[in-house]
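Counting starts at 1 for both ligands and their atoms, following the listed order.
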Amino acid sequence: MTTITPQIFIAEDAEELFESTAEHLVQRIAEAIAARGSCHLALAGGNTPRDLYELLATPGWRARIDWGKLHIYFSDERCVPPSSPDSNYRMAATALLDPVALPHAQRHRMRGEINPHQAAIEYHQILHEHLPKEGGRPTLDLVLLGVGPDGHTASLFPDTAILFERESLTAEVYVERLDTWRLSLTLTALDAAREVIVLVSGEGKAAIVAQSLGAPQPGVSPLPVTRLQACNLRWHLDADAASALPEALRGVAG
Ligand code: 6PG
């Protein structure tokens with residue numbers, strides 16, 4: 001396993017975190033479209049990114065994105081219908097995709113409402129069908145991720161077999177702690193991406209951020225989020241989320 005040194009960006013507060021991340025995304029989306037004619041972006045689920053998605057939907061920001069050339073995917077999904085309050089698709093559609101009227105043909109949804117294994121196979125095929133290939137590998141341009149208090153990212157939870165799935169780009173996973181099935185991009189899909197951004201806000205994540213970015217502990221299984229090996233890996237943090245980082249890491253910026 002090669003050691004990836006992530007680039008760490010620390011914003012003063014949540015507002016600056018979302019503004020600076022929005023600016024970065026606008027630039028990266030434009031670069032992808034200029035270089036390859038389209039941009040393929042996988043959205044994170046959970047609560048943190050909602051404010052970012054709502055910001056991107058505001059007139060000043062939405063005007064800066066060529067939505068007709070942007071394809072949206074999902075880093076993971078709960079095995080629930082898209083109408084469920086727990087659906088990551090529903091959160092993103094409400095906050096961003098519907099307000100900007102992104103055509104449904106450009107929304108590539110994980111079908112949480114069908115059999116999890118079938119949904120995983122289907123999404124693997126969707127990625128192969130829609131993503132440009134780089135070195136023969138379906139390649140996302142951008143992936144947004146969050147991190148949970150246990151170090152999970154997407155739905156790659158500690159001590160689950162999905163962490164070791166290397167063939168498929170998508171897999172189903174039963175999360176015992178939550179007593180629920182989920183769908184997730186695998187590390188194979190995530191590590192092939194041109195850029196991965198881990199977006200973290202709030203003091204509640206300070207401990208897991210410090211643990212994730214700190215030195216590996218001998219004999220301790222690496223946290224899922226520390227297994228990310230994308231060639232361009234960025235952590236976008238606000239000061240609260242970065243508050244437990246050692247000084248040596250706080251000055252790091254890409
Ligand atoms: C999900 C997410 C998950 C999330 C983290 C952080 O489906 O919940 O994909 O990986 O990013 O759990 O969630 P919060 O942003 O709500 O803290």
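The contact set between ligand 1 and Asn88, taken as ligand atoms under 4.0 Å from a residue heavy atom, comprises 1 (C), 7 (O). For ligand 1, the atoms closer than 4.0 angstrom to any heavy atom of Gly146 are 11 (O). Close approach of ligand 1 to Arg182 (heavy-atom distance below 4.0 Å) involves ligand atoms 1 (C), 7 (O), 8 (O).
Closest to atom 16 (O) of ligand 1 among all protein heavy atoms lies Asn47 N, 2.8 Å. Protein heavy atom nearest atom 15 (O) of ligand 1, with residue, atom name and distance: Thr48 OG1, 2.6 Å. Among all non-hydrogen protein atoms, the one lying nearest atom 13 (O) of ligand 1 is Gly46 CA, 4.1 Å. With respect to atom 8 (O) of ligand 1, the closest heavy atom belonging to the protein is Arg78 NH2, 2.8 Å. Residue, atom and distance of the protein heavy atom nearest to atom 17 (O) of ligand 1 are Lys205 NZ, 2.6 Å.
Under a 4.0 Å heavy-atom criterion, Glu77 is not in contact with ligand 1. Residue contacts with ligand 1 include Ala154, since one or more of its heavy atoms lies under 4.0 Å from the ligand.
Both the sub-6.0 Å distance and the 45° axial angle are satisfied by Arg234 relative to the ring of Phe9.
Polar contact check, Ser155 against ligand 1: no nitrogen or oxygen pair lies under 3.5 Å apart. For ligand 1, the polar-atom distance check finds an N/O of His152 within less than 3.5 Å of one of the ligand's N/O atoms.
No hydrogens or angles considered: a donor-acceptor pair under 3.5 Å links the side chains of His108 and His71.
When each of Arg36, Lys69, Arg28 is tested with Asp141 by the rule salt bridge (Lys or Arg N to Asp or Glu O under 4.0 Å), just one qualifies, namely Arg36.
Note that CZ of Phe74 is 8.5 Å distant from CZ of Arg109, once rounded to the nearest 0.5 Å. With values rounded to the nearest 0.5 angstrom, Glu195 atom CD is found 9.5 Å from Leu144 atom CG.
Residue contacts with ligand 1, taken as heavy atom pairs separated by less than 4.0 Å, involve Val147 solely via the backbone atoms N, CA, C and O. Contacts between Asp76 and ligand 1 below 4.0 angstrom, taking non-hydrogen atoms only, involve the side chain exclusively.
Applying the salt bridge (Lys or Arg N to Asp or Glu O under 4.0 Å) definition to pairs two or more places apart or across chains, those involving residues 6-24 are Glu23-Arg64.
Around NE2 of His117, the count of heavy atoms belonging to other residues, nucleotides or ligands within 6.0 Å does not exceed 12.
Using a 4.5 Å cut-off on side-chain heavy atoms (C-beta onward), Val200 and Ile208 make no contact.
When every heavy atom of Ala22 is checked against every heavy atom of Trp61, the shortest pair comes out as C-CZ3, 3.6 Å.
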